[in-house]
Colleague: 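Sharing a structure here in structure tokens format.
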Amino acid sequence: MTSLADRLRGVLGGTRPTETPLDRVAPAPAAKNLEAVAETLGGEWHEEGGHRYVVVNRSFAPGYRHGRVAVADAMPGNDGLWPRLELLLGPSAGGTPSPGAASPFHADDTGAGHLLFVDLETTGLAGGAGSYAFLVGCAWFEGARLHVRQFFLSSFGSEAAMLAGVARMAGRATGVVTYNGKSFDLPLLDTRFSLNRMTLPLLELPHVDLLHPARRLWKDPAFEARVPGASSCKLTSLERTLCGFERDGDVPGFEIPGRYFGYVRSGDARPLEAVLEHNRLDLVSLALLTGMLAQKLESGAPAAVSAREALGLGRLLERGGR
């Protein structure tokens, strides 16, 4: 079965689209406020092909605490990887190599691994060709620190320029980690790349979607039965229960597209400060939870804090032939 991205490439042929439905209904942000966008968001302008986008960089020191967990507690090894991380890939993605085999996260034998954590904020929660990724958040461990880089789409006409910056960032990675990214983030990002006649480098990398092992270890049916509509495996739920981190004043996900469209109409980026903070917290939680889970896989049963977690760890290890 062909993917949406493949079908789009066939439709586009040798031409590059000049507009999308959103281009016709949403003008560029008000010019009088545009220059202040980078300063408001704490970033800097980047330019490519005459189009500009904003890049926001943050760095978290080893002692930074995300609730009970510090960055230093979840750091990978000197090669940038955690032992047994490949067990989180799943059988269909080569996640069951024989014991002693080289990690699939190493691109070759010349250098250390570089895992990239990715999370998007979009103009539509359902995805599809009409949804833009107006914020592409990336995080990685390097030099004993957790680094976060966010690419912000300052105007719809700058999408190709922003995606080129994302592609350069992705080109340095040897693996990608997301949360529900197999179903949402990477397909949507691939569609945006395809519409701009570009290729998303992340598609060729080993991909850990942490949502699936999280469900194996931490899904709590009893909690979900007591609180209808709640999800025990929502990222914010896991950061609260596993890291002890409680968000204060976090912007609800359903508000995020509206805040971006408000910026497009007015050019005022101030309501988006909370959106970028929401995205940063998602990335920090994703990185720390990945490290915590990888360490549990290395330690085995003694690291489990509940029967459900022990069973989930056992199933992951058994599936990997351990």
Side-chain angles (χ1 to χ4, degrees), residues 38 41-46 53-89 102-120 135-152 162 164-179 181 185 200-202 204-208 210 235 238-239 242-245 276-299:
L41 299 180
E44 57 185 19
W45 288 107
H46 285 234
Y53 59 95
V54 176
V55 174
V56 181
N57 289 300
R58 296 290 185 271
S59 180
F60 298 86
Y64 169 81
R65 301 197 70 84
H66 199 62
R68 296 186 298 268
V69 182
V71 168
D73 297 332
M75 287 289 295
N78 293 332
D79 61 355
L81 301 174
W82 294 276
R84 300 189 175 180
L85 185 67
E86 66 274 5
L87 297 178
L88 302 180
L89 286 170
S103 169
F105 290 97
H106 285 290
D108 50 42
D109 297 328
T110 62
H114 184 101
L115 285 176
L116 194 67
F117 303 90
V118 176
D119 184 60
L120 309 181
L135 183 65
V136 181
C138 301
W140 69 99
F141 286 99
E142 185 178 2
R145 301 177 73 92
L146 177 64
H147 302 271
V148 173
R149 180 168 298 167
Q150 296 165 295
F151 299 83
F152 176 70
M162 185 195 77
V166 173
R168 282 192 293 272
M169 176 90 254
R172 297 162 45 196
T174 58
V176 59
V177 183
T178 64
Y179 203 81
D185 297 73
L200 176 61
L202 297 175
E204 306 301 322
L205 300 178
H207 180 185
V208 170
L210 199 68
L235 189 58
L238 293 180
E239 70 182 13
L242 301 176
C243 300
F245 181 78
L276 267 73
E277 178 65 9
H278 170 93
N279 181 257
R280 276 192 291 268
L281 292 176
D282 281 352
L283 287 164
V284 172
S285 292
L286 177 60
L288 297 188
L289 288 171
T290 300
M292 292 168 62
L293 178 50
Q295 290 170 2
K296 285 179 180 290
L297 285 170
E298 177 66 11
S299 300

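The model shown is predicted, which means the values in this text are computed figures rather than measured ones.
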Colleague: Flag the pair Val71 / Phe141 as yes when at least one side-chain heavy-atom distance between them is below 4.5 Å, and no otherwise.
Modeller: yes
Colleague: Using 0.5 Å steps for rounding, measure from the CD atom of Gln150 to the CG atom of Leu120.
Modeller: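 Taking CD in Gln150 and CG in Leu120, the distance rounds to 11.5 Å.
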Colleague: Please report the shortest heavy-atom distance between Gly137 and Asn279, naming the atom on each side.
Modeller: CA-OD1, 3.5 Å
Colleague: For Cys138, is there any backbone N or O sitting under 3.5 Å from a side-chain donor or acceptor partner on Arg149?
Modeller: no
Colleague: Within a 6.0 Å radius of atom CD on Glu298, are there more than 12 heavy atoms belonging to other residues, nucleotides or ligands?
Modeller: yes
Colleague: Is a donor on one side and an acceptor on the other found under 3.5 Å between the side chain of Arg65 and the backbone of Arg68?
Modeller: yes
Colleague: Answer yes or no: is there a side-chain heavy-atom contact under 4.5 Å between Leu235 and Leu281?
Modeller: no
Colleague: CG/Asp119 to NE2/His278 distance, rounded to the nearest 0.5 angstrom?
Modeller: 7.0 Å
Colleague: Please report the shortest heavy-atom distance between Gly181 and His207, naming the atom on each side.
Modeller: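 Of all heavy-atom pairs spanning Gly181 and His207, the closest is C-CE1, 3.8 Å.
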Colleague: Give me the atom names and distance for the closest heavy-atom approach of Tyr53 to Phe152.
Modeller: CB-O, 3.5 Å
Colleague: Any heavy-atom pair between the side chains of Phe151 and Leu135 that's under 4.5 Å?
Modeller: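 A side-chain contact is absent here, since even the closest heavy-atom pair is not under 4.5 Å.
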Colleague: Just say parallel, tilted or perpendicular for the rings of His147 and Trp140, cut-offs at 30° and 60°.
Modeller: parallel
Colleague: Check Val166, Asp185, Thr178, Val118 against Leu202 for a side chain to side chain contact (heavy atoms under 4.5 Å, CB included) and give me the one that passes.
Modeller: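 Going through the options one by one, the only one that passes is Val118.
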Colleague: Looking only at non-hydrogen atoms, find the nearest pair between Leu116 and Ala170 and report the distance.
Modeller: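 Heavy-atom minimum between the residues: CD2-CA, 4.0 Å.
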Colleague: Kindly compute the distance separating CH2 (Trp82) from CE (Met75), expressed to the nearest 0.5 Å.
Modeller: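 Answer rounded to 0.5 Å: 8.5 Å.
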Colleague: Report yes if the side chains of Val148 and Asn57 come closer than 4.5 Å at any heavy-atom pair, otherwise no.
Modeller: no
Colleague: Are any non-hydrogen side-chain atoms of Glu44 and Val54 less than 4.5 angstrom apart?
Modeller: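 A side-chain contact is absent here, since even the closest heavy-atom pair is not under 4.5 Å.
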Colleague: Classify the ring geometry between His66 and Phe245 as parallel (under 30°), tilted (30 to 60°) or perpendicular (over 60°).
Modeller: parallel
Colleague: Nearest 0.5 angstrom please: Asp282 CG to Glu277 CD, how far?
Modeller: 10.0 Å
Colleague: Quick one, Leu210 and Leu88 - any side-chain contact, counting heavy atoms below 4.5 Å?
Modeller: yes
Colleague: With rounding to the nearest 0.5 angstrom, report the CG to CG distance, Leu146 to Leu283.
Modeller: 8.0 Å
Colleague: Look only at the side chain of Gln295 and the backbone of Asp73, and say whether a donor-acceptor pair between them is shorter than 3.5 Å.
Modeller: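 Here the side-chain-to-backbone pair exists.
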Colleague: What pair of heavy atoms forms the shortest contact from Cys243 to Leu289, and how long is it?
Modeller: SG-CD2, 4.0 Å
Colleague: Taking side chain as C-beta onward, heavy atoms only, is Ser285 less than 4.5 Å from Tyr179?
Modeller: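 No, too far: nothing below the 4.5 Å cut-off.
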Colleague: Just how far is it from atom NE2 of His46 to atom CE of Met162, taken to the nearest 0.5 Å?
Modeller: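 If we round to the nearest 0.5 Å, His46:NE2 and Met162:CE are 13.0 Å apart.
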Colleague: Under a 4.5 Å cut-off applied to non-hydrogen side-chain atoms, are Arg145 and Pro62 in contact?
Modeller: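 A side-chain contact exists here, since the closest heavy-atom pair is under 4.5 Å.
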Colleague: Restricting to non-hydrogen atoms, name the atom on Val208 and the atom on Leu85 that form the minimum distance, rounded to 0.1 Å.
Modeller: CG2-O, 4.4 Å
